[in-house]
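My questions will all concern the structure given below.
For the numbers below, each heavy atom of this structure counts, side chains included, while hydrogens, waters and symmetry mates do not. Residue numbers count from 1 along this sequence.
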Amino acid sequence: MQGASPETFGAYLLEKYALPARGLAAGQSGAPAVKALRELWEATDLPAAEFADEVARFWRLDRINLPDLLAAEAQVEGFSRRFLRESMVFPFRSADGRGVKLAVADPADTAAIRAAEIVFGNVVELVIASFEDITTVLERLDGGEATDVAAGEGGVHSDDDIDSLRDLASGAPVVRAFNDLLERAVELRASDIHIEPFRAGLTVRMRVDGLLRAIPAPVGVMPQALVSRIKILAGLNIAERRLPQDGAARLRVGRSEIDVRVATMPTQHGESAVVRLLPRDRGLLELSKLGLGTRDEVVMRKLLALPHGMIVITGPTGSGKTTTLATMLSILNETTRKILTIEDPVEYELPGINQSQIKPAIGLTFATAMRAFVRQDPDVIMVGEVRDPETAHIAIHAALTGHLVLTTLHTETAATAVPRLLDLGAEGYLLKSVLRAVIAQRLVRILCDRCKAPRKLMAQDFADDPRFGMVGFAAGEVVHEARGCERCGGSGYRGRAGVFEVLEIAGDVRNLVGASSDANSLDAAAIKAGMTTMLDDAVAKCRAGITTVPETLRVTTMR
């Protein structure tokens, strides 16, 4: 069609569908100024097939669908895989066998069409296919039916495609973009960087004080190049894009070194990556810095003086269990004790402690490490998590034979750890003999000292949210609110503290531990014996001006 261009086609689409021109700068004539049709498609909500239908109608070209493309005889001799992928073209022999056709997603890409004509030495007939269909047929072309097998052996992408990605990932713009993200994360005190590709573009979020915060994505950097840069640093296979991968690296950011843990995951629009930041200089690990109440700190010190037994720490991922374990180990770390740990990953390096990291690929799991540990004559054993019956069995028997065993579980409250261990196959009578305590915890955000503001609770507050009264507040009490300032980035919070409940297995509570233990009965007996629940601990921190009522209700549940 004479006069057809991405700009005029974009104006046609905007008029026909009344589409918002998201991300498209208007040209002189008011039409969207785009470089290629792919940019225009990604800026709309049209499905790939419907977009291709409109392209065929506008350029007055025939349309070919996916089944016909897959059935066609490919004519790719003389073309590199990189060219076909970057240009989104697929040459094939026509059904009558007398000519060659070129399936294109962007008929305005005259350079790609001219290159195909040079290869064939003649004018080629154009047909329109969707971007997704051409991607599918090119992937099938790379491996045919053996694609899945190849993926298991390290990927299905051609060498020139991988070399191109490696070159991009090592280029100055991508290196600078990732370094900027790391520096921004350190500046915000973020624990994780989430890099997520979507159809509309790249999204970058950082977890600050437990909550995700969106930040501007790098401009002019391909998502796959940024993820490839991360994979190269973490020692991962950049050719493998269909399976999840895990890796680690040690990086220098500014004047400090940080350890990073990388996890990639294939998604609908490419690979996403999560980079966990583990600063090497975390300061001293002291019990007083955890945020334990007076009674809980006394109980904790008494537990750490025990010669043997099992202490379990529970909570969801990201609730601070590793920090609590590391603090307990640093207190136990004396020259008279041999301490062994098996972790996933090793987040705190503690001098004087023998720390190991699991490697499932070679058979080093929590269970196999525990079996080896008991032959190493340790005094204290820390196993990062009890995940299966075998690990639970070995941990309990290690505690029975004179070792102090520290470990973690994923349970909601301290009391539910007992039925969870029974569910993993632990014998009730053994559990009663070895279990010394269960510590449940969560993390609440700490109010920024510079901008927090006191407020007296009024009757209207209780009418608006009855939970204020349910957790023990009364009208007239003074609590503090988050306001936000430059120091805390406008959030009103800076840093986090733990809220705990320490369930000591003694007296009436111990008598309830058995093959038919009930979490509710254990919880009630522990509270009667003086246990402070996580909710009570959080409310006390509200009254002390450390955190807020909404933050308390966000992380704790009412009994």
Residues, nucleotides or ligands: over 12 heavy atoms within 6.0 Å of Glu412 CD: no
Heavy-atom closest pair (Pro419 atom, Ala415 atom, distance to 0.1 Å) is CD-O, 3.2 Å
Full working for side-chain contact (heavy atoms from CB on, under 4.5 Å) between Arg337 and Leu332: CA-CA 8 Å; Arg337 289 193 182 98; Leu332 293 167; 4.0 Å; yes
Side chains of Leu522 and Val513: does their closest heavy-atom pair fall under 4.5 Å? yes
side-chain hydrogen bond (donor to acceptor under 3.5 Å, both in side chains), paired with Tyr348, selected from Thr322, Asp259, Thr323: Thr323
What closest approach, in Å, do Arg554 and Leu211 show between heavy atoms, and which atom pair accounts for it? NH1-CD2, 3.5 Å
Arg450 side chain vs Cys485 backbone, donor-acceptor pair below 3.5 Å: no
Over 60° means perpendicular and under 30° means parallel, so classify the ring planes of Phe473 and Phe468, tilted if in between. tilted
Applying side-chain contact (heavy atoms from CB on, under 4.5 Å), name anything that partners Leu233, two or more places apart in sequence or on another chain. Phe178, Arg229, Leu251
Counting only heavy atoms not in Glu334, do more than 12 fall under 6.0 Å of its CD? yes
Heavy-atom closest pair (Lys321 atom, Gly315 atom, distance to 0.1 Å) is NZ-O, 3.0 Å
Any non-hydrogen side-chain atom of Leu400 less than 4.5 Å from a side-chain atom of Ser433? yes
Donor-acceptor pair, Glu477 side chain versus Ala474 backbone, under 3.5 Å? yes
Charged N-O contact under 4.0 Å between Asp209 and Arg189: yes
Provide the closest heavy-atom pair for Leu443 versus Val555 in the form atom of the first, atom of the second, distance. O-CG1, 3.5 Å
So Leu406 and Ile313, side-chain contact (heavy atoms from CB on, under 4.5 Å) or not? Walk me through it. CA-CA 8 Å; Leu406 310 178; Ile313 301 176; over 6 Å; no
Mind running side-chain contact (heavy atoms from CB on, under 4.5 Å) on Val374 and His397 for me, showing each step along the way? CA-CA 10 Å; Val374 294; His397 281 267; over 6 Å; no
Mind listing the closest non-hydrogen atom pair of Arg436 and Leu303 along with its distance? O-CD2, 4.1 Å
Are a donor atom and an acceptor atom from the side chains of Tyr493 and Thr547 found within less than 3.5 Å of each other? no
Quick one: pull up OG1 in Thr327 and NZ in Lys289 and give me the separation to the nearest 0.5 Å. 9.5 Å
Should Val262 and Lys231 be marked as a side-chain contact (heavy atoms from CB on, under 4.5 Å) after you check the CA-CA gap, both sets of side-chain angles, and the distance that decides it? CA-CA 8 Å; Val262 174; Lys231 291 167 75 173; 5.6 Å; no
Atom pair OG/CE of Ser319 and Met534 - distance to nearest 0.5 Å: 9.0 Å
Would you mind reporting whether His269 and Pro223 have side-chain heavy atoms less than 4.5 Å apart? no
Residue Asp508 excluded, over 12 heavy atoms near CG under 6.0 Å: no
Distance check, rounded to the nearest 0.5 Å: Asn520 atom CG versus Asp518 atom CG? 5.0 Å
Any non-hydrogen side-chain atom of Met382 less than 4.5 Å from a side-chain atom of Ile339? no
Run the salt-bridge test on Lys541 and Asp537 with the 4.0 Å N-O cut-off and return the result as yes or no. yes
Measuring from atom CD of Glu271 to atom OG of Ser228, what distance do you get when rounded to the nearest 0.5 angstrom? 7.0 Å
Just wondering, do Leu553 and Asp465 contact through their side chains at under 4.5 Å, heavy atoms? yes
Donor-acceptor under 3.5 Å (Glu551 side chain, Arg445 main chain): yes
Can you tell whether the side chains of Arg250 and Glu349 come within less than 4.0 Å, N to carboxylate O? yes
Enter the distance from Thr532:OG1 to Arg295:CZ here, rounded to the nearest 0.5 Å. 5.5 Å
Given 3.5 Å as the limit, does a donor-acceptor pair link the side chain of Thr391 with the main chain of Val386, or not? no
Within the distance-only criterion (no hydrogens, no angle test), does the side chain of Gln245 pair as donor or acceptor with the backbone N or O of Glu240 below 3.5 angstrom? yes
Please identify each residue that fulfils side chain to side chain donor-acceptor pair (under 3.5 Å) with Arg510, with sequence neighbours left out. none
Got Leu182 and Val186 here, is their nearest side-chain heavy-atom distance under 4.5 Å? no
Taking side-chain contact (heavy atoms from CB on, under 4.5 Å) as the criterion, tell me which of Asp461, Thr548, Val478, Val549 meets it with Arg455. Asp461
Search all heavy atoms of Leu422 against all heavy atoms of Ser517 and return the closest pair with its distance. CD1-CB, 3.9 Å
Within the side chain of Lys452, is there an N or O that forms a donor-acceptor pair under 3.5 Å with the backbone of Gly545? yes
Using only atom types and a distance under 3.5 Å, with no angle test, would you say the side chain of Glu132 pairs donor to acceptor with the backbone of Ala49? no
Is a side-chain donor-acceptor pair under 3.5 Å present for Thr368 with Thr365? yes
Criterion salt bridge (charged side-chain N to carboxylate O under 4.0 Å, His left out) on Arg261 and Asp192, from CA distance to verdict: CA-CA 9 Å; Arg261 179 83 175 179; Asp192 303 88; over 6 Å; no
Evaluate the side-chain proximity of Thr552 to Val471: yes if any heavy-atom separation is below 4.5 Å, no if none is. no
Would you say Glu385's side chain and Phe366's backbone share a donor-acceptor pair under 3.5 angstrom? no
Donor-acceptor pair, distance only, cut-off 3.5 Å: does the side chain of Glu501 make one with the backbone of Thr413? no
Heavy-atom donor-acceptor pair, His194 side chain to Arg205 backbone, under 3.5 Å: no
Separation between CE of Met370 and CD1 of Ile342, rounded to the nearest 0.5 Å: 10.0 Å
4.5 Å side-chain heavy-atom contact, Leu188 and Arg184: yes
